[in-house]
Amino acid sequence: MSQLRSHVSTHILDAATGRPAGGVAVSLLDVDGTEIAAGRTAADGRVSDLGPELLERGTYRLRFATGEYFAGTSRDTFYPVVSIDFEVTDPAQHYHVPLLLSPFAYSTYRGS
């Protein structure tokens, strides 16, 4: 029996430590800012069950509570929140949106 997965997943790596960023609150929002789903990264830095099995075409936002994460590690950060807007163009595809994070920089890409 196959396990269903959400349409969107994410993975956060703390580049300053070279380790996954566990315990980060993550929200999935629609274009109007309405929260669709929320979760926290596991110890491996992943949220694999964020949101529904299917999203319609459109623009969505992942919101990461990075300030809370860095405060929990006794480090200052310039970015209290990281928001990543992305577009679902093919509802048949899975959307993996990783975040590479440090206290004063971040980057992202479309993963698989």
Side-chain angles (χ1 to χ4, degrees):
M1 181 175 194
S2 67
Q3 182 180 11
L4 298 176
R5 69 176 177 173
S6 65
H7 205 172
V8 176
S9 60
T10 190
H11 179 212
I12 306 174
L13 177 64
D14 184 333
T17 63
R19 303 178 62 92
V24 179
V26 181
S27 299
L28 174 63
L29 309 159
D30 68 14
V31 70
D32 297 322
T34 302
E35 186 175 276
I36 297 169
R40 282 195 181 268
T41 57
D44 66 358
R46 296 180 185 275
V47 178
S48 57
D49 59 348
L50 186 62
E53 294 174 35
L54 186 64
L55 292 171
E56 296 178 10
R57 293 176 197 267
T59 302
Y60 296 89
R61 172 174 292 154
L62 283 175
R63 185 177 188 275
F64 301 86
T66 52
E68 176 186 292
Y69 166 73
F70 283 114
T73 64
S74 300
R75 293 181 286 167
D76 293 331
T77 182
F78 186 68
Y79 301 104
V81 172
V82 170
S83 294
I84 300 170
D85 292 354
F86 64 99
E87 189 170 4
V88 171
T89 56
D90 181 354
Q93 293 185 19
H94 175 76
Y95 290 83
H96 184 64
V97 186
L99 177 64
L100 184 60
L101 181 64
S102 74
F104 300 100
Y106 66 89
S107 64
T108 187
Y109 58 95
R110 167 99 191 256
S112 59

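Fair warning: this is a prediction, and the values are worked out from it, not measured in the lab. For reference, positions follow the sequence shown, starting with 1.
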Any side-chain heavy atom of Asp76 sitting closer than 4.5 Å to one from Phe70?
-> no
CG of Asp90: more than 12 outside heavy atoms within 6.0 angstrom?
-> yes
Intermediate values then yes/no, side chain to side chain contact (heavy atoms under 4.5 Å, CB included), Leu55 and Val8 | CA-CA 9 Å; Leu55 292 171; Val8 176; 3.5 Å; yes
With no hydrogens and no angle check, do the side chains of Thr10 and His96 hold a donor and an acceptor under 3.5 Å apart?
-> no
Between the side chain of His7 and the main-chain N/O of Pro91, is any donor-acceptor distance below 3.5 Å?
-> yes
Partners meeting salt bridge (charged side-chain N to carboxylate O under 4.0 Å, His left out) with Arg40 (sequence neighbours left out) | Glu68
Spell out, yes or no, whether Val97 and Ile36 are grouped together once hydrophobic residues are joined by side-chain heavy atoms under 4.5 Å, including indirect joins.
-> yes
Here the pair of heavy atoms bringing Leu13 nearest to Pro20 is CD1-N, 3.8 Å
So, Thr66 side chain and Tyr79 main chain: donor-acceptor pair closer than 3.5 Å or not?
-> yes
Same cluster or not: are Val88 and Val26 linked, directly or through other Ile, Leu, Val, Met, Phe, Trp or Tyr residues, by side-chain heavy atoms under 4.5 angstrom apart?
-> yes
Give a yes or no answer on whether the side chain of His94 reaches the backbone of Ser6 with a donor-acceptor pair at less than 3.5 Å.
-> yes
Chi angles and distances behind the side chain to side chain contact (heavy atoms under 4.5 Å, CB included) call for Tyr60, Leu28 | CA-CA 7 Å; Tyr60 296 89; Leu28 174 63; 4.2 Å; yes
Within 6.0 Å of CZ in Phe86, more than 12 heavy atoms from elsewhere | yes
Are Ser27 and Glu35 linked by a side-chain donor-acceptor pair shorter than 3.5 Å?
-> yes
Going by atom type alone, with no hydrogens or angles, which donor-acceptor pairs under 3.5 Å involve a side-chain atom of residues 99-109 and a protein atom two or more places apart or on another chain?
{"unit_1": "Ser102", "atom_1": "OG", "unit_2": "Ala105", "atom_2": "N", "d": "3.3"}
{"unit_1": "Ser102", "atom_1": "OG", "unit_2": "Ala105", "atom_2": "O", "d": "3.2"}
{"unit_1": "Thr108", "atom_1": "OG1", "unit_2": "Pro98", "atom_2": "O", "d": "2.5"}

With a distance cut-off below 6.0 Å to the six-membered ring centre and an angular limit of 45° from the axis, does Arg110 pair with Tyr95 as a cation-pi contact?
-> yes
Test side chain to side chain contact (heavy atoms under 4.5 Å, CB included), reference Phe64, set Val47, Ile84, Thr41, output is Ile84
Rounded distance [0.5 Å steps], CD1 in Ile12 versus CG in Asp44 | 11.0 Å
d(Asp30 CG, Asp32 CG) to nearest 0.5 Å is 5.0 Å
Cationic N near anionic O, under 4.0 Å, Arg19 to Asp14 = no
